[in-house]
Amino acid sequence: MVETVFSANNREQVMVLPWTPPGLQIAERQNNNTFDGLSRGRAVIGTMAPRVISFSSVFPRVHQRWMHPQALHAPLDYVEFFRKWREELVPIRIVITDNTREIINMAVTVDDFTWKLRKNGDYEYSITLSEYVFIK
């Protein structure tokens, strides 16, 4: 089972997603560059850009038995989690694991969070997260 967990402020608040959304996309860009030399173009290897994660899914109103057992929050609880920590200007942490290993564990900022209430009470959402690197 793949598990996606969000936490904020050193696990002060933890939210487990009901399931890891299919289509979760992780972009890992590198800031490479090219320039014109005397006889030909040259490539310069750049630094890594912050990773970007984006996905869309649903926060269900009713807990189903196939959902993660720790995802017992109401849909609005998830919305309020992201709203609270964005307003406090605090990065959050996303940890994605499967049964054998950690896939992603990084601090992130929420660049975009869009949600809407469905007629059945579920909350449909999409989110874009950017890697946050703490300055030492």
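The first residue in the sequence is number 1, and the count goes up from there.
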- Message: Has Thr20 got a side-chain atom pairing as donor or acceptor with Val2's backbone, closer than 3.5 angstrom?
- Response: yes
- Shortest non-hydrogen pair, Val95 vs Thr97, comes out as CG1-CG2, 3.9 Å
- Message: Does either side chain, that of Ser130 or that of Thr109, offer a donor lying less than 3.5 Å from an acceptor on the other one?
- Response: no
- How about Val14 and Phe6: do any of their side-chain heavy atoms sit closer than 4.5 Å? no
- Task: Indicate whether any N or O donor in one side chain lies under 3.5 Å from an N or O acceptor in the other, for Trp19 and Ser57.
- Result: yes
- Under 30°, 30 to 60°, or over 60°: which ring-plane class applies to Phe59 and Phe113, parallel, tilted or perpendicular? tilted
- Message: Using the rule given for side-chain contact (heavy atoms from CB on, under 4.5 Å), can you reason through Met15 versus Asp77, listing the C-alpha separation, both sets of side-chain angles and the distance that settles it, and then say yes or no?
- Response: CA-CA 9 Å; Met15 301 293 281; Asp77 292 344; 4.0 Å; yes
- Message: If you count every heavy atom of other residues, nucleotides or ligands that lies below 6.0 Å from Arg118 atom CZ, does the total exceed 12?
- Response: yes
- Query: Linking I/L/V/M/F/W/Y whenever any side-chain heavy atoms sit under 4.5 Å apart, do Trp115 and Val58 land together?
  - Reply: no
- Note on the structure: What one should report as the nearest heavy-atom pair of Gly46 and Asn32 is N-OD1, 2.9 Å
- Message: Determine whether Val110 and Phe82 satisfy the following criterion, side-chain contact (heavy atoms from CB on, under 4.5 Å), listing intermediate values before the conclusion.
- Response: CA-CA 8 Å; Val110 179; Phe82 292 114; 4.1 Å; yes
- Between Tyr78 (side chain) and Val16 (backbone), is there a donor-acceptor pair under 3.5 Å? yes
- Message: Has Glu131 got a side-chain atom pairing as donor or acceptor with Arg51's backbone, closer than 3.5 angstrom?
- Response: yes
- Mind checking the CD-CG spacing from Glu88 to Asn9? Nearest 0.5 Å is all I need. 8.0 Å
- Message: Minimum heavy-atom separation for Lys84 and Glu12, please, with both atom names.
- Response: NZ-OE2, 4.2 Å
- Between Arg93 and Asn105, does any side-chain donor sit less than 3.5 Å from a side-chain acceptor? yes
- Message: How long is the straight-line distance from CD1 of Ile94 back to CD1 of Ile53, given to the nearest 0.5 Å?
- Response: 4.5 Å
- Message: Quick check on the hydrophobic clustering: are Phe55 and Val52 connected, directly or via other members, by side-chain heavy-atom contacts under 4.5 Å?
- Response: no
- Task: Check for a donor-acceptor pair, side chain of Arg42 on one end and backbone N or O of Thr34 on the other, with a separation under 3.5 Å.
- Result: no
- Does the pair Ile45 and Gln30 meet the rule for a side-chain contact (heavy atoms from CB on, under 4.5 Å), with working shown? CA-CA 8 Å; Ile45 298 174; Gln30 191 165 6; 3.2 Å; yes
